[in-house]
Amino acid sequence: MYALVASAPENSAATIQLMTAEGILAGPAQTVARSDLAGVVSSLEREHAPRWVWDRAQNWYPELLAANVRVERCHDLALRQAILVHSAFTAETGYGDNAAMLPPENEASQAGSTSTQGSLFEQLSASTGWDLATVTAELGAQKAAIASSTHPARLTLLTSAESACALVAAEMQYEGIPWREDLHRRLLHELLGPEPTGYVHPEKMDELAATLRAALDAPALNPDSPQELMRALHRAGIDVKSTRSWELMEFKHPAIEPLLAYRKLSRLFTTNGWTWLEQWVHQGRFHSEYVVGGVVSGRWASRGGGAMQIPKQIRGAARADPGHKFIVADAAQLEPRVLAALAQDSTMAAAGRDSDLYAGIAAQGFGGERDMAKVALLGAIYGSTSGESGRLMPQLTRMYPLAVGFVEEAARAGERGETVTTRLGRSTPPVSAQWRASQRSSTAEEQRRAESAARTRGRFTRNFVVQGTAAEWACCWLAELRRRLRALPLETVTTSGTQADRPAMVFFLHDEVMVHCPDALIEVVTKIVHDSSRAATRLLFGEIPLEFPVNVTVVENYADAK
DNA sequence: GCACTGAGCGCG
DNA sequence: AAAGCGCGCTCAGTGC
């Protein structure tokens with residue numbers, strides 16, 4: 001059973017239509033005031049357990065969660081459309097030409113909540129989501145496109161898992177990461193000094209700036225200005241081409257150390273300091289919005305608060321509640337393993353038989369040098385040509401012709417302007433007409449630039465197939481994890497039997513997931529994490545002679561993970 | 001004053 | 001040791 005959810009003509013209402021899997025309407029559509037929506041959804045969920053179909057989960061689910069209503073499954077039509085529009089598997093179906101225009105994002109449901117940004121136009125357009133006719137037509141068009149595609153099973157899996165992730169993302173946003181404001185403030189005080197009042201810098205930054213100005217003999221220097229800084233460095237005889245820290249570290253000069261220290265503190269103060277704390281941490285939780293499929297490769301992005309760039313420096317402020325632990329799980333060497341599976345390179349798969357793939361590769365041919373094996377393999381996935389990893393490529397190619405050949409072929413296709421596709425069917429967007437035109441250029445200078453652009457695109461497509469398929473593995477892992485956690489019988493696993501005592505996914509970062517878990521459930525949830533990873537591997541690749549091991553640590557404090 | 005870009009750096 | 005992939009955030013600087 002499907003339950004289609006759409007915007008009613010009146011903005012403050014929704015239309016709900018039940019429909020069978022065969023597309024037959026089950027009863028009349030009902031119009032529900034937005035304020036009654038959660039109650040209606042809750043009772044339909046209990047009665048029919050339908051698959052909810054809506055323009056975007058993000059436009060509907062947050063308000064349901066706020067009313068403590070959760071759903072088992074959905075179709076997020078916008079996320080499915082983003083996949084199907086470009087997928088090579090649906091290229092012959094004509095779907096891309098007929099897809100409905102993407103629904104706007106509902107501003108009110110977003111995590112930022114300060115609502116200071118966003119033009120008047122955006123606020124107006126945000127008020128109208130898809131109506132019932134659009135939702136019905138788009139669902140039909142998507143089902144038809146998948147059914148007539150070259151790989152219906154893979155696209156069904158991908159679009160289902162992606163929709164499940166939309167639910168995961170909204171739930172994570174709602175839960176938030178347990179975040180101890182007092183510990184964060186203590187960390188800031190230790191590193192930066194007392195909280196400054198007004199528009200001044202913290203003590204420790206001012207001290208370092210003064211040391212730096214003295215060392216460079218530049219009393220008026222603003223260390224935040226790359227231009228001023230570059231001039232001052234050159235005057236002091238430090239001949240750098242940029243002021244990047246790795247380049248500065250090559251030089252020996254009394255100004256380098258205070259400059260690097262200043263940079264580090266400045267970054268902490270401006271990005272994750274007191275202002276960040278006030279803006280993003282409320283009632284002991286850090287809430288950020290996740291953007292599923294926000295990256296071309298299908299990885300998640302985040303909006304607001306920089307959830308996916310939390311520096312290691314402040315992870316100590318993430319603490320599990322009393323009686324709880326964080327279960328932090330990350331997939332070991334996910335991308336190299338994905339490459340071995342995609343290329344069906346059984347030699348590389350054999351190297352990954354034990355839990356450390358890099359060590360296995362090092363043992364097979366890099367004289368046991370694990371770091372060397374790692375640099376070489378990542379270089380192959382990123383398209384490195386120079387430096388140490390570039391020099392190691394010939395040896396890697398001799399050892400694993402299938403794996404290296406696979407990414408090389410993806411690179412060549414990208415250079416020719418073709419699209420490439422992940423295991424489950426996410427394709428790169430087509431090259432622009434401008435890009436294609438530039439490839440047929442006449443002058444030598446244009447030719448040189450065109451070749452450079454082609455190589456850049458080759459590195460992109462080379463990485464896309466691996467990073468994108470890794471994102472699909474992680475997406476399936478999350479979906480399986482969510483399903484299994486929901487299936488835990490509430491009364492047998494918690495003392496209080498309340499929603500608050502259930503294990504909750506609270507953070508996800510590409511190949512790592514964090515579950516906030518009551519102490520009594522740590523063993524059972526740890527097993528679920530592992531079971532879900534094995535399920536994800538089977539869903540993507542079937543039965544293959546390669547494991548995707550997951551490292552699990554149980555900690556009170558996120559800083560103690562790995 | 002606003003929108004945009006580049007530099008720099010945080011994460012994987 | 002080197003600088004190859006994908007992002008988001010902040011600030012300085014620029015152009016209107």
Side-chain angles (χ1 to χ4, degrees), chain A residues 111-112 117 119 199 201 221-230 240-250 259-260 262-273 275-276 279-280 288-315 330-336 338-339 369 371-372 374-393 396 407 410-411 414 420 426 428 455-471 474 507-513 558 562:
Chain A
Q117 68 274 71
S119 66
Y199 295 94
H201 280 169
L221 172 70
N222 170 12
D224 293 328
S225 161
Q227 294 183 12
E228 279 185 44
L229 190 58
M230 185 79 101
V240 281
K241 286 188 286 299
S242 76
T243 68
R244 291 204 160 86
S245 9
W246 63 265
E247 199 178 337
L248 290 168
M249 276 186 279
E250 318 253 300
L259 173 54
L260 294 176
Y262 176 89
R263 280 264 174 84
K264 196 92 183 148
L265 291 189
S266 170
R267 168 88 193 178
L268 175 64
F269 172 61
T270 56
T271 309
N272 296 104
T275 311
W276 179 89
Q279 189 174 2
W280 297 106
S288 170
E289 183 185 357
Y290 295 95
V291 187
V292 175
V295 178
V296 268
S297 63
R299 276 185 170 183
W300 292 18
S302 70
R303 193 150 48 199
M308 305 185 106
Q309 298 105 247
I310 300 171
K312 300 212 159 115
Q313 251 174 337
I314 61 160
R315 290 186 179 184
D330 80 293
Q333 308 108 28
L334 178 56
E335 293 192 356
V338 161
L339 172 57
E369 296 285 337
D371 285 356
M372 220 189 245
K374 180 175 176 176
V375 162
L377 196 46
L378 291 178
I381 294 172
Y382 291 157
S384 168
T385 53
S386 63
E388 190 190 355
S389 68
R391 284 194 295 280
L392 295 172
M393 283 301 291
L396 194 74
V407 282
V420 296
R426 192 187 303 266
T428 49
R455 279 194 300 274
T456 297
R457 187 157 192 284
R459 287 194 300 276
F460 166 63
T461 51
R462 170 199 294 268
N463 188 250
F464 181 93
V465 289
V466 177
Q467 187 185 111
T469 304
F507 187 54
F508 170 64
L509 185 55
H510 308 318
D511 60 0
E512 169 183 332
V513 66
Y558 187 29
K562 47 181 165 175

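Labels below follow one simple rule: chain letters A, B, ... track the order of the sequence lines, proteins then strands, and each chain is numbered from 1.
At a threshold of 4.0 angstrom between heavy atoms, the contacts of G304(A) are confined to the sugar-phosphate backbone, with no base atom among them. Using a 4.0 Å heavy-atom distance criterion, Q227(A) is classed as a sugar-phosphate-only contact. Residue R267(A) is classed as a base contact, given a heavy-atom separation below 4.0 Å to a base. Nucleic acid contact class of S297(A) (heavy atoms, under 4.0 Å, all strands): none. If you check every strand for non-hydrogen atoms under 4.0 Å, L334(A) touches nothing. Among the protein residues, T243(A) comes within range of the sugar-phosphate backbone only, with heavy atoms under 4.0 Å from sugar or phosphate atoms but none that close to a base. Within the 4.0 angstrom heavy-atom criterion, no nucleotide atom of any strand lies near W300(A). Looking at heavy-atom distances under 4.0 Å, R462(A) makes no contact with the nucleic acid at all. Within the nucleic acid shown, F460(A) comes within 4.0 Å of sugar-phosphate atoms alone, with no base atom in reach, counting heavy atoms only. Backbone-only engagement by G305(A) is indicated by non-hydrogen atom pairs under 4.0 Å involving sugar-phosphate atoms exclusively. Here T385(A) lies out of heavy-atom contact (under 4.0 Å) with every strand.
In this structure, F508(A) places its CZ atom 18 Å from P of dC11(B), rounding to the nearest Å. If you measure from atom CZ of F269(A) to atom P of dG8(B), you get 21 Å, rounded to the nearest angstrom. Look at CD on E388(A): it is 6 Å from C1' on dA1(C), rounded to the nearest Å. Rounded to an integer number of Å, the gap from CG of L377(A) to P of dA1(C) is 20 Å. One atom, CD of Q309(A), and another, P of dG6(C), lie 15 Å apart when rounded to the nearest Å. K374(A) places its NZ atom 17 Å from the P atom of dA2(C), with the value rounded to the nearest Å. dG13(C) atom P lies 7 Å from atom CG of N222(A), rounded to whole Å. What separates CD of E289(A) from P of dC9(C) is a distance of 10 Å, to the nearest Å.
Of all nucleotides listed (dG6(C), dG8(B), dG10(B)), dG6(C) comes nearest to the side chain of H510(A). The side chain of T270(A) lies closest to dC11(C), out of dC11(C), dG10(B), dG8(B). Of the candidates dC11(B), dA1(C), dA12(C), the closest approach to any side-chain atom of K312(A) belongs to dC11(B). Side chain of Q467(A), nearest nucleotide from dG4(C), dC7(C), dC5(C): dC5(C). Nearest to the side-chain atoms of R315(A) among the listed nucleotides dA7(B), dG6(C), dC11(B) stands dC11(B). Of all nucleotides listed (dC9(B), dT10(C), dG13(C)), dT10(C) comes nearest to the side chain of T271(A). Closest contact between the side chain of V296(A) and the listed nucleotides dG13(C), dA1(C), dC7(C) involves dC7(C).
OP1 and OP2 of dC7(C) both lie 4.0 Å or more from every side-chain N or O belonging to R299(A). For S384(A), no side-chain nitrogen or oxygen approaches OP1 or OP2 of dC5(C) to under 4.0 Å.
Mapped onto DNA chain C by nearest heavy atom, E247(A) and V295(A) fall at different nucleotides, with E247(A) at the one closer to the 5' end. Comparing L378(A) and S302(A) against DNA chain C, the residue whose closest nucleotide sits nearer the 5' end is L378(A).
The distance from the CZ atom of R455(A) to the OG1 atom of T385(A) is 8.5 Å, given to the nearest 0.5 Å.
Looking at R299(A) and E335(A), a side-chain N of the basic residue comes within less than 4.0 Å of a carboxylate O on the acidic one, giving a salt bridge.
Distance alone, capped at 3.5 Å, is enough to place a donor-acceptor pair between the T461(A) side chain and the A410(A) backbone. Between the side chain of W300(A) and the backbone N or O of G294(A) there is no donor-acceptor pair closer than 3.5 Å.
For dG8(C), its base never sits under 3.5 Å from the side chain of R303(A) at any donor and acceptor pair. Evaluation of atom-type donor-acceptor distances gives no pair under 3.5 Å for the side chain of R459(A) against the base of dC5(C).
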Evaluate the criterion side chain to side chain contact (heavy atoms under 4.5 Å, CB included) for residue pair T428(A) and V296(A); output intermediate values, then yes/no.
-> CA-CA 7 Å; T428(A) 49; V296(A) 268; over 6 Å; no
Could you go step by step and tell me if F460(A) and V420(A) meet the side chain to side chain contact (heavy atoms under 4.5 Å, CB included) rule?
-> CA-CA 10 Å; F460(A) 166 63; V420(A) 296; over 6 Å; no
Go through the steps for K374(A) and Q333(A) under the test side chain to side chain contact (heavy atoms under 4.5 Å, CB included), then give the verdict.
-> CA-CA 10 Å; K374(A) 180 175 176 176; Q333(A) 308 108 28; over 6 Å; no
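Y290(A) and F507(A) have tilted rings, their planes meeting at an angle from 30° to 60° on a 0 to 90° scale.
With its glycosidic angle within 90° of 0, dG4(C) adopts the syn conformation.
Nucleotide dA3(C) forms a pair with no other nucleotide shown, judged by Watson-Crick or G-U wobble geometry with both contacts under 3.5 Å.
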